[in-house]
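To start, the structure under review is shown below, and the notes come after it.
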Amino acid sequence: MRLTEEYYLQSAKVLAKDLLGKVLCVRNNKEIMKLRITETECYFSESDTACHAHKGKTERTKILYKKGGRAYVYLCYGMYNLFNVVTGEEDLPQAVLIRGVEGYDGPGKLAKAMGIDRRFNDADLTTSEDIWIEDWGEKKPKFKRDKRVGIGYASEKDQERLWRYIVIE
DNA sequence: AGATTGATAAGG
DNA sequence: CTTATCAATCTT
């Protein structure tokens, strides 16, 4: 069953954990790929110096300020698309970065494998025919927490936050 | 450890 | 316009 707008309106801190084990679905050339989410990270509000929105609203980050349920796809290092789920209420920027799915470990690799690129930016996950997330009602997987990755520019305090969630095999 | 790669944001 | 920077990955 596809996740609803109501689900996406929850906090990124909640959803980063809850999205583990959910199924990311992408349609490409009439083929639909469905893969379980195995690793996520939470990015929360302008006060989180690791979050793209921490300097305020810009052309790139304005998507983060929208209501939960949108896709935020960002081209990193000129080569890799990173896929995020925008969550929470409007005007409170927050998102969950999907860092890994079953079989593809790493945010750049999963986006490449599933054909996710910036064309999916701002897609509505509750209505799009090309990208959405499903819940199969399975038992929640066990997971562990860890520090976030690749945010050396953030404040020391924010680097220490355990906002990365990884499914235990 | 180093190369790669181009959009983005900030500054002149 | 110019420049520094980057939620990464692959190869050495």
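Just so we're on the same page: letters track the sequence lines, and every chain starts at 1. No hydrogens, no waters, no symmetry mates; every other heavy atom, side chains included, goes into these values.
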Annotated structure of DNA chain B as dot-bracket, pair cut-off 3.5 Å, Watson-Crick or G-U only, | for inter-strand, is ||||.||||||.
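Of the N and O atoms on the side chains of A:Tyr153 and A:Gln159, not one donor lies less than 3.5 Å from an acceptor on the other residue.
Atom CD1 in A:Ile116 sits roughly 15 Å away from atom C1' in C:dA8 (whole-Å rounding). One can place CG of A:Leu75 at 8 Å from P of B:dT8, the figure rounded to the nearest angstrom. Summarising the geometry, the separation between CG on A:Asp117 and P on B:dT5 is reported as 18 Å, rounded to the nearest angstrom.
Of the residues in residues 47-67 of chain A, those placing a heavy atom less than 4.0 Å from an atom of DNA chain C are A:His52, in numerical order. Looking at residues 83-109 of chain A, you'll see that no heavy atom sits under 4.0 Å from any atom of DNA chain B. Of all the residues in residues 142-153 of chain A, A:Gly150, A:Ile151, A:Tyr153 reach under 4.0 Å from DNA chain C with at least one non-hydrogen atom.
For A:Arg164 (side chain) and A:Arg99 (main-chain N/O), no donor-acceptor pair under 3.5 Å exists by modelled atom type. Judged by distance alone, the side chain of A:Ser128 and the main-chain N or O of A:Leu125 form no donor-acceptor pair under 3.5 Å. For A:Arg70 (side chain) and A:Asp122 (main-chain N/O), a donor-acceptor pair under 3.5 Å exists by modelled atom type. Proximity of a side-chain donor or acceptor of A:Thr49 to a complementary backbone N or O of A:Ala154 within less than 3.5 Å is not detected. Panel note: side chain A:Thr61, backbone A:Leu64; no donor-acceptor pair is recorded below 3.5 Å.
In the displayed structure, A:Lys66 atom NZ is contacted under 6.0 Å by more than 12 heavy atoms of other residues, nucleotides or ligands. Around CD of A:Glu138, the count of heavy atoms belonging to other residues, nucleotides or ligands within 6.0 Å exceeds 12. For NZ of A:Lys112, the number of neighbouring non-hydrogen atoms (other residues, nucleotides, ligands) closer than 6.0 Å is 12 at most.
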#### Entry: Full working for salt bridge (Lys or Arg N to Asp or Glu O under 4.0 Å) between A:Asp48 and A:Arg148
CA-CA 12 Å; A:Asp48 173 12; A:Arg148 292 181 286 180; 2.9 Å; yes
Margin query: For A:Tyr104 and A:Glu39: C-alpha separation, side-chain torsions, deciding distance, then whether side chain to side chain donor-acceptor pair (under 3.5 Å) applies.
Written below: CA-CA 10 Å; A:Tyr104 300 100; A:Glu39 186 175 341; over 6 Å; no
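Ring pair A:Tyr165/A:Phe143 is perpendicular by interplanar angle, where above 60° counts as perpendicular and below 30° as parallel.
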Pairs under 3.5 angstrom, nitrogen or oxygen only, protein versus nucleotides 1-4 of chain B, please.
none

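Rounding to the nearest 0.5 Å gives a distance of 11.0 Å between CG of A:Leu19 and CG of A:Leu97.
A:Gln94 meets the side-chain hydrogen bond (donor to acceptor under 3.5 Å, both in side chains) test with A:Thr87; sequence neighbours excluded.
By the 4.0 Å N-to-carboxylate-O rule, A:Lys109 lies too far from A:Asp105 to be salt-bridged with it.
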